[in-house]
Amino acid sequence: MRLAEYPDDVAFATAIGIAPACPAPQAELHVPACLMSEARLFRRLGLSKTLISTMLVQAGRHGTTLEAEFLASGVVCEATYYEALAEILGLPFLPQLDPEQIEDIPDADTQLIEPTIIRIRHPTQAPLTVIVPSAERLAYLGESLHFSPALRTMLAATTPTALRAALWEAGGSRRLRETVDQLFRGMPEASARITLWGQQGFYTGAAVSIMAVLTIAAPEITLLLLHIVLSCFFFASFSIRLAAMRTGERAGSRPLPRPPAVRRPVYSVFIALYREAAVVPQLIDTLNRLEWPVTCLDIKLICEADDEETLDALAAVRLGRQYEVVKVPPGQPRTKPKALSYALGAARGEYLVIYDAEDRIDPLQLEEAWRTFEAGSPDVVCLQAPLVITNARESWLSALFALEYAGLFRVLLPRLAAARLPMPLGGTSNHFRTRVLKQVRGWDPYNVTEDADLGLRLYRLGYRCGTITRPTYEEAPTTMQAWLGQRTRWFKGWLQTWLVLMRQPAQLVQDMGLGPSLVFQVLIGGLILSSLAHPLIVGYLGLIAWQLAFQQAYTVGPLHLTLFAIDIVNIFGSYAVFIALGRKGMTPQQRAAVGWRWTMTPVYWLLVSRAAWRAVGELRSNPFFWNKTAHRPTQTVPERPPAPETV
């Protein structure tokens, strides 16, 4: 179709409906020349003036191109569009590329971010340069081919999707090696690949040997000293949560910061999926509801290449152009952080967020995170959204899980962030500045609680984490087997994280500061130690109480009486703070969903202790095993938070 001739841009803009036919003398038409050039191209391709006008408005609002808006809308088929551009240029069009012919050269992965050009070699033909033409560069390419006709024998055109797909497969083995080794080679002290470093192994062995000798030689003194140490850690953990409860935020959404006077940037959304076919339709529906321009979304669905069930489920769903399915080659360790790090180099967004396959995301969460980043300090490089459990009524386990999450994500973590203290992240809904995330080498493929590890590593490197209020909704495990497997993995990862940070204790204090390093010891070390010791202290309390009640001749000395009183405060005070912290973070409806089942807290804590002891055993026998939690489509409808205000 021939492009109609117009004397100038104003005449053309008037004709396609984006300017008044009789503008006022002083009226200015704010249509960039590049968009006008694209508009002419799409008229040449036969698209209506009304449609072009609509897309021009979208492009101007989003700060994108007309080409991007047309392709994202689905009005223009990608393959048909790029074939038309190839025809205009007089180049052969390749709808697919053979990965075996791709040259996996250094820096080839930059083409995964912005695919423009790639080199392919054929065993019997001359090398061929394959390009991705664009409306913006069409005139330049046409002029180059006009003056150098011989270039047409050396060039071909393809689509961005075809180029990315071939490049992902061509560099898969090399990229997998780099992903697994990157953190260990660049920052070996930050990697959990080696569970115990040489000095740590020596000191651990020496400590165990000394404890064994002392227990045999002087059991009463040894147990007394151990009791004092455990009581101190228990009391410190109790005190931090009590302070957070007294000063932490209440449940609810804060008004959104005023939007910056800039257009929205590209936002990368990463979801690692493994054996998640059942929740794929729910996930895609959730992601399609995000209130963010489609042209500014880079959604990567990261799957294991041999997980055919999940890949088939994704193939059965219609995915928009903002989606990309990334296949991770099989290899050890098979963990979520390895999958995320494998795709990190291809992230196009200025910001990046992690979600789980079963998450239901508040549509305004990206908006709040972006505005908070732009309004906040540059050293805040990660924002944690609260995770809200929606199936508290389903079982006593899910009720206690909901209580625990409410206290953690809506009271404790906001308080730690406000005080600029170390903050172990949750496993999902972490929003990052992508540039910094790449600089710190992403997630540790060998740490099975990669979220907590990354949050503390960022703090150690001088960065800070914050919180936002727009939630992500999840369902808690309802069976003992699922809950215990998940919690065992968490404790194993916290053990890995504590061992990694404690490789050089003096350096840790220097990097974090004395106060923050003590908070880290209480949050991670204290959590592990108090969980392991919980049954012992409960048993001690029961023994002393029984002796006082039923043995008339039994007397308690001042030291033991003091320890007994401290233990009572630690145990029952911790129960009370756990319940109060959770209830403070809940809405009245959520408290009603938990109901009377908060009374099961002592049993819940004993189960936590069981998971901690299992984690110690797994750390020795199978440190990188990822205990997969099975997910299902949601059975509950979450509460909708009130619409945010702009301040």
Side-chain angles (χ1 to χ4, degrees), residues 65 67-68 71-72 76-146 148-179 182 266 268 295 298-303 305 319 321-329 341-349 434 438:
T65 63
E67 178 181 76
L71 289 170
V76 174
C77 170
E78 183 189 58
T80 303
Y81 172 69
Y82 283 100
E83 186 175 9
L85 294 189
E87 184 178 344
I88 291 172
L89 294 171
L91 296 176
F93 176 70
L94 304 177
Q96 293 182 326
L97 302 178
D98 185 354
E100 295 184 0
Q101 296 180 4
I102 301 294
E103 288 189 68
D104 188 29
I105 60 176
D107 299 325
D109 285 357
T110 58
Q111 294 298 310
L112 293 171
I113 299 175
E114 188 175 357
T116 54
I117 187 170
I118 201 168
R119 185 84 162 170
I120 63 174
R121 292 190 180 275
H122 193 276
T124 60
Q125 300 175 7
L128 190 65
T129 299
V130 182
I131 64 171
V132 177
S134 65
E136 183 182 9
R137 298 190 301 136
L138 194 64
Y140 168 76
L141 289 171
E143 185 177 346
S144 299
L145 291 169
H146 174 74
S148 303
L151 285 175
R152 286 191 170 88
T153 64
M154 297 181 283
L155 295 176
T158 190
T159 68
T161 299
L163 192 151
R164 282 195 183 102
L167 197 56
W168 276 118
E169 190 170 344
S173 298
R174 181 260 310 161
R175 197 176 298 109
L176 181 63
R177 291 193 303 271
E178 291 176 353
T179 298
Q182 179 177 265
V266 175
S268 290
T295 47
D298 167 37
I299 302 177
K300 288 186 166 43
L301 307 173
I302 310 164
C303 305
L319 299 177
R321 196 165 181 266
Q322 70 271 33
Y323 291 91
E324 182 177 15
V325 177
V326 178
K327 300 177 183 179
V328 183
S341 291
Y342 180 85
L344 180 58
R348 296 189 293 111
T434 309
K438 291 180 178 180

For residues [X] and [Y], report the shortest heavy-atom separation together with the two atoms involved.
X: Ile102; Y: Ala170; result: CB-CB, 3.7 Å
X: Val328; Y: Tyr342; result: CG2-CD2, 3.8 Å
X: Leu167; Y: Ala108; result: CD2-O, 3.1 Å
X: Ala346; Y: Asp298; result: O-OD2, 4.1 Å
X: Arg321; Y: Pro160; result: NH2-CG, 3.5 Å
X: Leu128; Y: Ala156; result: CD2-CB, 3.8 Å

Quiz item: Looking at side-chain heavy atoms only, is the closest gap between Arg121 and Pro127 below 4.5 Å?
Solution: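 Yes. Closest side-chain heavy atoms under 4.5 Å.
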Self-check item: Residues forming a ring pair (Phe, Tyr, Trp, His ring centres under 6.0 Å) with Tyr81, sequence neighbours excluded
Solution: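 Expected list: Phe42.
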Quiz item: Can you list every pair that meets salt bridge (Lys or Arg N to Asp or Glu O under 4.0 Å) and has a residue in residues 152-176, with sequence neighbours left out?
Solution: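 Sorted pair list: Asp104-Arg174, Asp109-Arg174, Asp109-Arg175, Arg174-Glu178.
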Quiz item: Going from OG1 on Thr116 to CD on Gln111, what distance comes out if it is rounded to the nearest 0.5 angstrom?
Solution: 4.0 Å
Self-check item: Pair Leu141-Leu155, side-chain contact (heavy atoms from CB on, under 4.5 Å): steps then yes or no
Solution: CA-CA 11 Å; Leu141 289 171; Leu155 295 176; 6.0 Å; no
Quiz item: Which pairs count as side chain to side chain donor-acceptor pair (under 3.5 Å) when at least one residue sits in residues 126-141, sequence neighbours excluded?
Solution: Arg119-Thr129
For a quick test of your reading: what N or O donor-acceptor pairs under 3.5 Å do the side chains of residues 84-101 make, sequence neighbours left out?
unit_1: Asp98; atom_1: OD1; unit_2: Glu100; atom_2: N; d: 3.1

Quiz item: Taking the side chain from Thr158 and the backbone from Leu163, do they hold a donor-acceptor pair closer than 3.5 Å?
Solution: no
Exercise. Applying side-chain hydrogen bond (donor to acceptor under 3.5 Å, both in side chains), name anything that partners Glu324, two or more places apart in sequence or on another chain.
Key: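 So Glu324 forms a side-chain hydrogen bond (donor to acceptor under 3.5 Å, both in side chains) with Trp168, Lys300.
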Quiz item: Which residues satisfy the side-chain hydrogen bond (donor to acceptor under 3.5 Å, both in side chains) test with Ser144, sequence neighbours excluded?
Solution: none
